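Report on the structure given below.
Sequence lines set the chain letters: A, B, ... in the order given, protein chains first and strands last, and positions in each chain run from 1. Note that this is a predicted model, so its numbers are computed, not measured. Side chains are part of it too, since the values below use all heavy atoms of this structure and drop only hydrogens, waters and symmetry mates.
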Number of protein chains: 2
Amino acid sequence: MVVRVSGDEGRPGLRERKKQETRIALSWAAIKLVAERGLENVRVEDIAAAAGVAPRTFNNYFSSKGEAIAARHLDRARLIAQELRRRPVSEPLWEAITSAVITQLAMGADYDDRRPDQQWQTGIRLMIGEPSLQGEMLKASAVAEEELAAAIAERTGTDIAHDLYPRLVAGAAGAAIRVAMDQWLRADPPVPVRPLVENALGLLAAGLPEPRSS
Amino acid sequence: MVVRVSGDEGRPGLRERKKQETRIALSWAAIKLVAERGLENVRVEDIAAAAGVAPRTFNNYFSSKGEAIAARHLDRARLIAQELRRRPVSEPLWEAITSAVITQLAMGADYDDRRPDQQWQTGIRLMIGEPSLQGEMLKASAVAEEELAAAIAERTGTDIAHDLYPRLVAGAAGAAIRVAMDQWLRADPPVPVRPLVENALGLLAAGLPEPRSS
DNA sequence: CCGCAAAATTGCGCGCTATGCATCTTTGCG
DNA sequence: CGCAAAGATGCATAGCGCGCAATTTTGCGG
């Protein structure tokens, strides 16, 4: 029985659309459950149920629990590379990278900060503290860095296969972002993200000068 | 029945010594087996057998196959931080870091290059290509970077808890090393490592200047 | 509007992993 | 020499990841 609801805006929604929705639903459900119950107390079965699919389907999308959780992180990171491509080539590289990061941060802001729950915050912190998840997060970052490197190579006219440069810049930028985010997450009187990221990337572009006085 | 063999040189061998030996034996066995058979065809049972311990013991040392494999990588990376502490404080930071890395690379050289086997080389490449291992490798690098950051903080008189600087430098240096190693591994007519690492770290210290011409 | 082929979901089964618990063995120390 | 702590083993179990085959859904052309 096919019920055609008036709001069946899935018209252009190809098959791909549905797949992405399911993918996101699974990833989101995983994060939500783990944030509130802890990794140990969430089974794949639970995630699948929360996303409204069969347990077996979970593994059609992700090869592990950790991958599902890191997927959101990966998507977010990918957008930075995508945003970098939109920047005019005339713009200096580091300026462009910083802008791209800030832009994506802003987009995610009214998405994450809409959850000022104390519960949520601590849940996330516990989550990223899980050893078995840190690897997945880093792996996701690495994948994103690869795309970032491609964008940088394109922009600077370097060769991603032979030149050290693009991957190096991408890697360094990734490290800076990670450090800034880390600092941001552990700041107890919460501080704004932007200055942290700008500072980190700025220091990078300045060659990480050795501080004279503490 | 306790058989006392003449070669019972375990005299000073504290309890710790034996543990470290077992740990290394397990890690080494894991790498060796995976390099020649592929990750899928190596069971924990096999690794334990190759190291001469019971299967159950494996998990007393490592919580996963991947962790065992990454353990060598971690140990090596840790030595860089340790080496950095030995450098005179008068030496400029980046110079010291570069020297520390080069030194450790040299130490590992007559350890790894003693295996010029074509088989071994390709085995290692396949191994680090395994998705489930990349995460472990990165995690190991992250742990090492933390120690590196501590050493840098100490040297520069910065605070690892509040200052962005030490972690940032450690992260960037880690990224540079990773990129250089990666480039080194994929170079088809093999090239020496040193120039790659020196180049990468040098570019970092120079602020990753945007190349003018390709 | 209808069926058909491709694609995705689902159910089932299995080998392996990771870990808690109880037991046995070894080590170091008085 | 014997005891207490630490480590190694064995055993058992809950999940996990995945291959396979059956089933349902989707998009497309007639």
Basic-acidic side-chain contact under 4.0 Å: R178(B), E145(B): yes
Starting at NZ of K65(B) and ending at P of dC16(D), how long is that distance when rounded to a whole Å? 17 Å
Would you list the protein and nucleotides 5-9 of chain D atom pairs, both N or O, that sit under 3.5 Å from each other?
| unit_1 | atom_1 | unit_2 | atom_2 | d |
| --- | --- | --- | --- | --- |
| dA6(D) | O4' | R15(B) | NH2 | 3.2 |
| dA6(D) | N3 | R15(B) | NH2 | 3.2 |
| dG7(D) | OP1 | K19(B) | NZ | 3.4 |
| dA8(D) | OP1 | Y61(B) | OH | 2.6 |
| dA8(D) | OP2 | Y61(B) | OH | 3.4 |
| dT9(D) | OP2 | A54(B) | N | 2.9 |
| dT9(D) | OP2 | T57(B) | OG1 | 2.3 |

I'd like to know if the side chain of R72(B) and the backbone of I24(B) have a donor-acceptor N/O pair within less than 3.5 Å. no
In Å and rounded to the nearest 0.5 Å, what is the CE to CD distance from M127(B) to Q134(B)? 11.0 Å
In whole angstroms, how far is the C1' atom of dG17(D) from the CD atom of E130(B)? 14 Å
Roughly, in whole Å, what's the span from CZ in R17(A) to P in dG27(D)? 12 Å
Rounded to whole angstroms, how far apart are CG on N59(B) and C1' on dG20(C)? 12 Å
In whole angstrom, what separates E136(A)'s CD from dG17(D)'s C1'? 13 Å
Rounded to whole Å, please give me the gap between CG in N41(B) and C1' in dG15(C). 13 Å
Rounded distance in Å - CG (D46(A)) to C1' (dG15(D)): 12 Å
side-chain hydrogen bond (donor to acceptor under 3.5 Å, both in side chains) partners of N199(A), counting only residues at least two apart: none
Taking the side chain from W184(A) and the backbone from L196(A), do they hold a donor-acceptor pair closer than 3.5 Å? no
Rounded to whole Å, the CD-P distance (Q20(A) to dA8(C)) equals 11 Å
Could you tell me the separation between the OG1 atom of T98(B) and the CD1 atom of I177(B), rounded to the nearest 0.5 Å? 9.0 Å
